[in-house]
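See below for the structure under consideration.
We count residues from 1, following the sequence as given.
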Amino acid sequence: MKAYKLAAIPGDGIGTEVISAGVEVLEALASRDGGFAFKVDQFDWGGEYYKRHGRMMPENGRDLIRKHDAILFGSAGHPEIPDHITLWGLRLAICQPFDQYANVRPTRVLPGITSPLRHVVDKELDWVIVRENSEGEYAGVGGRVHQGSPLEAATDVSMFTRAGVERIIRFAFKLAQSRPRKLLTVVTKSNAQRHAMVMWDEIAAEIAREFPDVTWDKMLVDAMTMRMVMKPQSIDTVVATNLHADILSDLAAALAGSLGIAPTANLNPERAFPSMFEPIHGSAFDIMGKGIANPIGTFWSAVMLLEHLGEKPAADRLMKAVEKVTADPRFHTPDLGGKARTTDVTAAVIDAIHGAND
Ligand code: NAD
Ligand code: MN
């Protein structure tokens, strides 16, 4: 029997609530399937750790998880610590050195969930957004000088490398090719950003020649927000820069019903390092500790984790269980207008995994 080593990093806020639910569900799947097991190592890194040790994770933190098969991550963000410290000290401190350059964000309107877009039914909103996750606007290049003086200045330089752009565009074309519609939209802003985004467009056109069976188009990011709202059925696979896709994918999550549902995979496609799976949402200070966080985003991320490990039947079983549970309004948490608690949704998904309510 295969035993996968899983690193669980709940982080802060509702991250701790949804990751314990996610681990429970993964263990239920393993026991139902019988063909594989998980050895889960928990890491208490994050804001509380920072308050004790002055850093978000230990200096050798990455070495402790480098050999794991996958990472399940909650959220970095603590009400008493500035966001740029928590984000760079934990999430980006893992994503960047582990070269998880492909951030993949599927969006669908799940059964029982209502999109805020009137008239949108099921299949009309079925997207995957691919976010460049290693460079671009979040490369971390820049500086700040003369703090406190009227001469104060600050820069954030966006960095695009040919190698970085080629690999993410190629990844997106491959993904588009694997989906039934074989349709890719390359998001850009080459009208205003006249250096890096022009190179981005040129590289997209070059890579497109490797994929003659994929239909692709190019869209300015501002126009893309409008298209997502007005013509959702015209979109299938999308690729965009780190910043652009960050924003577009929150919009996508909201259009699919709630930020609490949306999943992410941070992939190192070459598998030189472990990949990391996490709900899109953050620590949600307004609801933390109340037991009402929606765990569906974490469960859907666990589906992506299982797919990455090659456990396709278990991944399909979990996705079916999730869809069965979202279809029943008794299991909707308050973000979906219901009264269910995190534990109710988790128990219902575990029941569905075992086929108890078939
Ligand atoms: P957020 O995602 O934490 O919350 C936005 C809104 O969505 C809140 O009203 C929240 O209650 C709601 N929400 C989010 N997830 C939910 C869930 N599972 N169930 C029910 N409702 C949910 O975004 P924010 O408020 O901008 O950020 C809060 C903190 O989290 C900040 O410190 C931020 O930096 C951090 N953050 C971290 C990550 C990450 O680690 N990947 C992502 C986003 C935000
Ligand atoms: Mn974001």
Side-chain angles (χ1 to χ4, degrees), residues 1-10 15-44 64-74 98 100 104 106 108 110-112 128 175 178-179 261-279 293-328 330-331 333 340-358:
M1 185 172 70
K2 275 170 287 176
Y4 296 111
K5 275 181 74 174
L6 199 64
I9 308 174
T16 59
E17 302 168 42
V18 294
I19 294 309
S20 64
V23 168
E24 258 185 79
V25 160
L26 281 170
E27 284 178 338
L29 275 163
S31 82
R32 169 70 171 71
D33 185 286
F36 64 95
F38 288 108
K39 183 184 175 302
V40 182
D41 293 320
Q42 296 276 349
F43 297 90
D44 65 344
L64 302 177
I65 57 176
R66 193 182 298 276
K67 291 279 179 319
H68 283 71
D69 294 297
I71 305 163
L72 188 63
F73 186 85
F98 281 180
Q100 296 164 347
V104 180
R108 240 173 347 111
L110 297 184
V128 187
L175 183 63
S178 75
R179 290 170 52 87
I261 291 174
T264 305
N266 299 282
L267 301 178
N268 173 251
E270 290 74 27
R271 296 175 188 255
F273 301 97
S275 293
M276 182 159 86
F277 301 83
E278 54 166 350
N294 191 340
I296 297 290
T298 300
F299 298 160
W300 196 345
S301 304
V303 170
M304 300 181 84
L305 184 153
L306 289 161
E307 283 169 353
H308 183 73
L309 294 177
E311 298 295 343
K312 184 76 171 104
D316 291 346
R317 177 179 292 277
L318 177 53
M319 198 65 220
K320 279 213 189 80
V322 163
E323 291 183 350
K324 184 167 179 188
V325 168
T326 59
D328 186 339
R330 285 179 304 157
F331 299 121
T333 41
R341 303 181 59 77
T342 312
T343 47
D344 300 328
V345 184
T346 308
V349 168
I350 290 174
D351 275 356
I353 287 168
H354 289 296
N357 19 333
D358 279 352

Could you walk me through whether I9 and I65 pass the side chain to side chain contact (heavy atoms under 4.5 Å, CB included) check? CA-CA 10 Å; I9 308 174; I65 57 176; 4.2 Å; yes
I'd like to know if the side chain of N294 reaches the main chain of T333, judged simply by a donor and an acceptor atom lying under 3.5 Å from each other, with no hydrogens or angles considered. no
Donor-acceptor contact present, side-chain D344 to main-chain R341, <3.5 Å: yes
L29 vs E311 side-chain heavy atoms within contact, under 4.5 Å: no
State, to 0.1 Å, how close A352 and K324 come at their nearest heavy-atom pair, and which atoms those are. CB-CD, 4.3 Å
Tell me, which pairs form a salt bridge (charged side-chain N to carboxylate O under 4.0 Å, His left out) where one or both residues lie in residues 263-278, sequence neighbours left out? R91-E278
Among residues at least two apart in sequence or on other chains, which ones pass side-chain contact (heavy atoms from CB on, under 4.5 Å) with S301? P263, F277, P279
Residue pair V322 / W300, side-chain heavy-atom distance below 4.5 Å: no
What residues form a ring-ring contact (aromatic ring centres under 6.0 Å, His included) with F73, not counting sequence neighbours? none
May I ask you to decide if K5's main-chain N or O and D69's side chain share a donor-acceptor pair within less than 3.5 Å? yes
Please check: side-chain N/O of T298 versus main-chain N/O of I19, any donor-acceptor pairing under 3.5 Å? no
Does any N or O in the side chain of Q100 come within less than 3.5 Å of the main-chain N or O of P274, such that one atom is a donor and the other an acceptor? yes
Give me the atom names and distance for the closest heavy-atom approach of L6 to H68. C-CD2, 3.5 Å
Please confirm whether the backbone N or O of A70 pairs with a side-chain atom of S275, one donor and one acceptor, at under 3.5 Å? no
Please determine whether a side-chain nitrogen of the Lys or Arg among K320 and D316 lies less than 4.0 Å from a carboxylate oxygen of the Asp or Glu. no
Give the ring-plane orientation class for F38 versus Y4, where under 30° counts as parallel, over 60° as perpendicular and anything between as tilted. tilted
Determine whether M319 and E307 make a side-chain contact, defined as any pair of heavy atoms from C-beta on separated by less than 4.5 Å. no
